[in-house]
Every structure is written in C-alpha cells, then in structure tokens.
Q: 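Dropping a structure here in structure tokens format, bear with me for questions.
Counting begins at 1 with the first residue of the sequence.
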Amino acid sequence: MIELRIAEILQEKGISKTEFADMMGIKKQNVNVLLETNNIKKLDEIADALDVDITDLWKDKNVSEPSINGFIEINGEVFTIKSVEDFNKLYQTLNN
C-alpha cells in the first residue's frame with residue numbers, strides 16, 4: 001500500500017482540515033477517510049485542490065522514486081504497476 005503525505009502537505013500549506021473539506025466539497029467528518037484514500041480519481045482531485053503533482057502525495061521524499069508494485073483493475077482490465085513510470089502512464093491514459 002502506498003503511504004500518502006496529504007496531511008503533511010496540508011500542514012506545510014497551512015490548510016486546516018475544515019478548509020480542506022470545503023476545497024474538496026465534502027463534510028469535515030469525511031476528511032480523515034479522504035486522507036487515507038487510494039482511489040486514483042480522488043488522489044487526482046486532491047492533488048488539484050492542493051496545487052501539487054499527484055506524485056507529491058506519496059510519502060518518503062528521501063527516496064529518489066517511491067516504491068510501487070501491484071495490480072490495478074479498472075473496468076475488468078488488470079494493469080501491472082512496477083514503477084512510478086508505470087503508474088504515471090496509467091494515470092495519463094485514464095485522463096485522456
């Protein structure tokens with residue numbers, strides 16, 4: 001599972017959870033669930049709202065590239081993800 005650093009970004013930008021909820025159009029009670037999401041479309045929305053690249057949401061900025069390895073199933077099609085590059089290609093495909 002990818003560890004996210006959304007809460008850290010909120011703190012770095014001085015954005016409260018209430019403000020973040022307003023930015024995302026959700027109730028404040030749902031912010032903690034959103035902070036732990038692995039939903040690609042939600043991560044895209046979060047990155048847009050925070051004005052950061054989606055890969056900035058991953059933890060451990062000391063590592064040159066986050067470690068990603070797994071499978072993503074979208075509409076019955078399974079994609080193998082072995083690198084950030086694979087993830088970014090899939091992400092770009094989904095956005096086209």
Q: Look at the side chain of K17 and the backbone N and O of V31, then say whether any donor-acceptor pair between them is shorter than 3.5 Å.
A: no
Q: State, with a plain yes or no, whether a side-chain heavy atom of T80 is found less than 4.5 Å away from one of D86.
A: no
Q: Please report the closest heavy-atom contact between I54 and D44, naming both atoms and the distance.
A: CD1-N, 3.9 Å
Q: Give, for atom CD1 of I81 and atom CZ of F87, the distance between the pair rounded to the nearest 0.5 Å.
A: 7.5 Å
Q: Would you find more than 12 non-hydrogen atoms of other residues, nucleotides or ligands less than 6.0 Å from N95 atom CG?
A: yes
Q: Measure the CG-CG distance between N75 and L94 for me, rounded to the nearest 0.5 Å.
A: 9.0 Å
Q: For G14 and E19, which heavy atoms make the closest approach, and how far apart are they?
A: O-OE1, 3.7 Å
Q: How long is the gap from CG on L57 to CD on E8, to the nearest 0.5 Å?
A: 11.0 Å
Q: For residues I15 and F20, report the shortest heavy-atom separation together with the two atoms involved.
A: CG2-N, 3.8 Å
Q: Is any side-chain heavy atom of L43 closer than 4.5 Å to a side-chain heavy atom of L4?
A: yes
Q: Please tell me if the side chains of I6 and L50 come closer than 4.5 Å, counting only heavy atoms from C-beta onward.
A: yes
Q: One pair to check against side chain to side chain contact (heavy atoms under 4.5 Å, CB included): K13 and V52. What are the steps and the verdict?
A: CA-CA 11 Å; K13 292 184 171 266; V52 299; 3.8 Å; yes
Q: Would you indicate whether Q11, at its atom CD, is surrounded by more than 12 heavy atoms from other residues, nucleotides or ligands within a distance under 6.0 Å?
A: no
Q: What heavy-atom pair brings A49 and M23 nearest, and what distance separates the two atoms?
A: O-CE, 2.9 Å
